[in-house]
There are 2 protein chains.
Amino acid sequence: MSNIISRGPAPTPLVAALPATVPFVGPENQERARGKLFRARIGANESCFGPAPGVIAAMRDAAPEMWKYCDPDNFDLKTAIGQHLGMDADNVVIGEGIDGLLNLIVRIYTMQGDVVVTSLGAYPTFNFHVAGFGARLVSVPYHDDRESLDGLLDAARRENAKLVYLSNPDNPMGTWWEAAEIERFAAALPEQTMLALDEAYGETGPANALPISTWMRPNVVRFRTFSKAYGLAGLRCGYAFGPADVIAQFEKVRNHYGVNKMAQVAGQAAIADQTYLAGAVGKIAAAREKIAAIGRDNGLKPIPSATNFVTMDCGADGAFALKVLQGLLARDVFVRKPMAPGLDRCIRVSAGLPYELDIFADELPRALAVART
Amino acid sequence: MSNIISRGPAPTPLVAALPATVPFVGPENQERARGKLFRARIGANESCFGPAPGVIAAMRDAAPEMWKYCDPDNFDLKTAIGQHLGMDADNVVIGEGIDGLLNLIVRIYTMQGDVVVTSLGAYPTFNFHVAGFGARLVSVPYHDDRESLDGLLDAARRENAKLVYLSNPDNPMGTWWEAAEIERFAAALPEQTMLALDEAYGETGPANALPISTWMRPNVVRFRTFSKAYGLAGLRCGYAFGPADVIAQFEKVRNHYGVNKMAQVAGQAAIADQTYLAGAVGKIAAAREKIAAIGRDNGLKPIPSATNFVTMDCGADGAFALKVLQGLLARDVFVRKPMAPGLDRCIRVSAGLPYELDIFADELPRALAVART
């Protein structure tokens with residue numbers, strides 16, 4: 001692809017100036033480039049444990065109904081989520097994954113040139129949307145492998161930020177802040193700053209990492225998803241919740257028919273089975289333990305994780321960790337790694353099935369041996 | 001919902017000024033308000049004939065795989081569509097229905113205050129996106145129940161439009177222009193004007209209503225969907241095609257994980273079964289004939305249709321047609337009607353199953369009798 005429009009009507013200057021290639025390389029893309037499949041898919045923070053059997057059954061039952069448009073109000077799903085969280089349906093908005101909702105919050109709260117604050121090395125899709133709407137991203141380094149609440153607060157104040165992004169628990173490091181710290185952070189933000197609080201990994205962390213679901217502030221929108229612990233990454237169904245007058249802003253600009261009927265059906269079935277969810281969270285915790293043990297056996301330092309992955313310090317610099325990553329990929333083990341300075345000494349391994357973690361255990365020492373040569 | 005933000009960070013002035021309620025009333029919403037289901041669902045231009053059996057089987061088979069993220073490149077689906085259309089995959093972009101792609105084309109080509117031209121009474125979702133990005137909509141009346149190519153051209157020239165919307169075949173009237181007229185129109189547009197050519201009903205019209213699929217111009221993006229003849233409205237999967245350097249603009253701003261894996265799987269299975277599609281198109285044509293006959297039997301004037309619905313002149317003004325619509329709704333028959341001046345004398349009835357059209361045939365004379373009192 002070329003960045004130059006050779007002919008025809010011109011895009012807006014903002015869009016014309018955006019890079020023509022974007023860094024969203026999925027494992028399928030890598031598999032096409034390699035010409036072979038991965039043996040272990042433990043890089044995308046999916047849940048290999050999948051959704052509940054009842055969710056799969058609900059999808060199969062609904063397949064013949066897909067000729068009907070989805071309900072643009074997402075009424076049944078919003079109601080179910082609201083009941084689960086202890087709030088009204090109009091405190092909830094459904095989107096095409098958290099990604100789709102992050103697009104909207106950037107659009108709602110920022111104009112070209114406005115400042116948005118995030119952590120250096122945090123979620124790249126959020127940064128993509130910030131660039132896409134022409135806002136100016138200010139990035140704050142992590143501190144001790146956690147997003148720096150003090151640093152984010154300072155930047156928000158100094159830059160008169162319109163929006164701050166914080167993920168808790170954090171991706172890509174797996175670390176977290178306790179609820180009281182999050183609440184203090186939100187209360188200390190400048191009056192004009194909205195906080196996008198990404199709780200994609202909310203279900204897999206310790207209970208005290210999350211403010212209670214009914215904790216609401218006029219300057220906070222919280223984001224959750226069916227992609228992680230609920231095991232439905234492929235269906236692209238996330239939700240945001242907050243004060244009704246804040247959530248109402250999303251209704252003004254969202255693609256009302258954007259979340260499809262299969263996602264609506266599956267999301268409802270998923271939220272109804274909290275017993276299955278608890279079991280999946282237990283399996284994820286066990287897989288984290290196993291990944292950490294494999295890492296320690298090989299001299300890596302696993303960082304305590306509240307998510308469905310474990311990020312591990314390879315004990316040297318970013319170039320070394322990159323070699324470890326490349327060694328694993330070459331051995332058909334799909335993992336990823338943080339790329340920001342300071343974080344880039346690590347690799348990141350998602351909870352996998354026992355056979356996948358066995359493959360990882362087999363291949364990690366080989367990848368490390370090659371990286372050390 | 002209130003249009004006033006009582007507290008918290010302010011949305012952008014553009015978003016703050018948008019209406020808090022948006023006119024996307026689905027039949028489910030009406031059913032909730034009525035407290036009972038419709039007996040005939042023939043108002044949303046869905047395909048009651050559904051997708052091919054192989055598509056349903058593919059969805060069922062794929063259900064356990066939904067824990068994996070979708071391929072953000074939509075590679076397999078783009079390739080299949082490209083092969084079907086006779087072009088490369090990079091001439092194609094997939095979106096969350098045509099709606100999602102219309103959002104993007106407005107965003108790519110217009111800034112606040114830029115002029116966008118459409119027909120008065122054409123697709124309201126397009127107008128929603130135009131308002132959402134702060135562009136100024138200029139609407140041109142239909143002429144003889146067709147979108148006025150001369151009128152759209154005049155407005156584009158006069159207003160220095162950045163974008164023109166044209167649906168062919170047209171919704172809500174069902175009328176169409178022949179390919180040669182579309183091609184002349186595109187060639188006559190001002191240099192800076194992009195044409196969004198919505199061909200959602202492309203499969204159900206006469207062959208000469210569509211330029212050949214490989215007809216491409218630097219100022220035209222064409223839109224098609226799996227929602228209509230393919231019978232997959234609930235999955236929200238549409239596509240746009242055009243010159244690769246135009247399509248590349250969509251890659252810069254789209255939500256790369258927005259189209260879910262079920263939609264990708266079903267879209268591929270659907271496009272592979274053109275025999276089923278031909279059969280569905282035949283059933284749609286037969287249903288159109290039956291709807292028109294029912295209308296004529298009751299003194300209505302059906303407008304020839306290239307779509308999966310028939311729009312019928314009720315023979316009086318908009319107030320009368322509205323009474324007919326309300327009478328049908330009260331009798332549990334879900335239909336819709338155009339609302340723009342001149343078009344509003346009509347009701348619009350989608351292709352339905354034989355039993356649904358029997359219900360329509362039973363209830364139309366009663367609704368007309370009440371409307372005439």
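Lettering of chains follows the sequences in order, A, B, ..., and the numbering in each one begins at 1.
- The main-chain N or O of B:G132 is found under 3.5 Å from a side-chain atom of A:R107 such that the two form a donor-acceptor pair.
- Both the backbone and the side chain of B:P64 come within contact range of chain A, each with at least one heavy atom under 4.5 Å from a heavy atom of that chain.
- Of the inter-residue distances, the one linking B:Y69 atom OH with A:L235 atom CG reads 11.5 Å to the nearest 0.5 angstrom.
- Neither the backbone nor the side chain of B:P190 comes within contact range of chain A; no heavy atoms are under 4.5 Å apart.
- Looking at B:F75 and A:R32, their side chains come closer than 4.5 Å, going by heavy atoms from C-beta outward.
- Of the listed residues B:N29, B:I108, B:I56, the one with more heavy-atom pairs under 4.5 angstrom with chain A than any other is B:I108.
- If you measure heavy-atom distances from A:T193 to chain B, the contacts under 4.5 Å come from the backbone alone.
- Within the 4.5 Å cutoff, no side-chain heavy atoms of A:D73 are placed close to those of B:E28.
- Aromatic ring pairs are classed by plane angle as parallel below 30°, tilted from 30° to 60° and perpendicular above 60°; the pair B:F133 and A:F133 is parallel.
- Residue contact with chain A, scored on non-hydrogen atoms closer than 4.5 Å, is absent for B:K162.
- With hydrogens and angles ignored, the 3.5 Å screen pairs no side-chain donor or acceptor of B:E251 with any backbone N or O of A:A20.
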Practice task
Show your reasoning for whether side chain to side chain contact (heavy atoms under 4.5 Å, CB included) applies to B:W67 and A:R41.
Solution key: CA-CA 11 Å; B:W67 64 271; A:R41 184 177 168 117; 4.2 Å; yes
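- Proximity to chain A is limited to the backbone of B:S47, based on heavy atoms less than 4.5 angstrom apart.
- Minimum interatomic distance between A:G26 and B:P72 (heavy atoms only, all atoms of both residues): N-CG, 4.1 Å.
- Residue B:T125 does not touch chain A at all, counting heavy-atom pairs closer than 4.5 Å.
- Of the possible polar contacts, one joining the B:K252 side chain to the A:A16 backbone as a donor-acceptor pair under 3.5 Å is found.
- When all heavy atoms are compared, the tightest approach of A:P218 to B:P9 is O-CD, 3.4 Å.
- Chain B forms the most heavy-atom pairs under 4.5 Å with one residue out of A:M194, A:K261, A:K68, A:Q192, and that residue is A:K68.
- Between A:M59 and B:A63, the closest heavy-atom pair is CE-O, 3.4 Å.
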Exercise for the section: Take B:E96 and A:Y257 through the test side chain to side chain contact (heavy atoms under 4.5 Å, CB included) and record every step on the way to the result. Expected result: CA-CA 8 Å; B:E96 306 90 343; A:Y257 286 85; over 6 Å; no
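- In this structure, chain B has heavy atoms under 4.5 Å from both the backbone and the side chain of A:C48.
- With hydrogens and angles ignored, the 3.5 Å screen pairs no side-chain donor or acceptor of A:R236 with any backbone N or O of B:G258.
- The shortest heavy-atom contact between B:A263 and A:N260 is CB-ND2, 4.2 Å.
- Judged by distance alone, the side chains of A:N103 and B:N255 never bring a donor and an acceptor atom under 3.5 Å apart.
- Note: B:D71 CG to A:E31 CD = 9.5 Å, rounded to the nearest 0.5 Å.
- Here B:D99 is the residue among B:D61, B:N219, B:D99, B:V259 with the most heavy-atom pairs under 4.5 Å with chain A.
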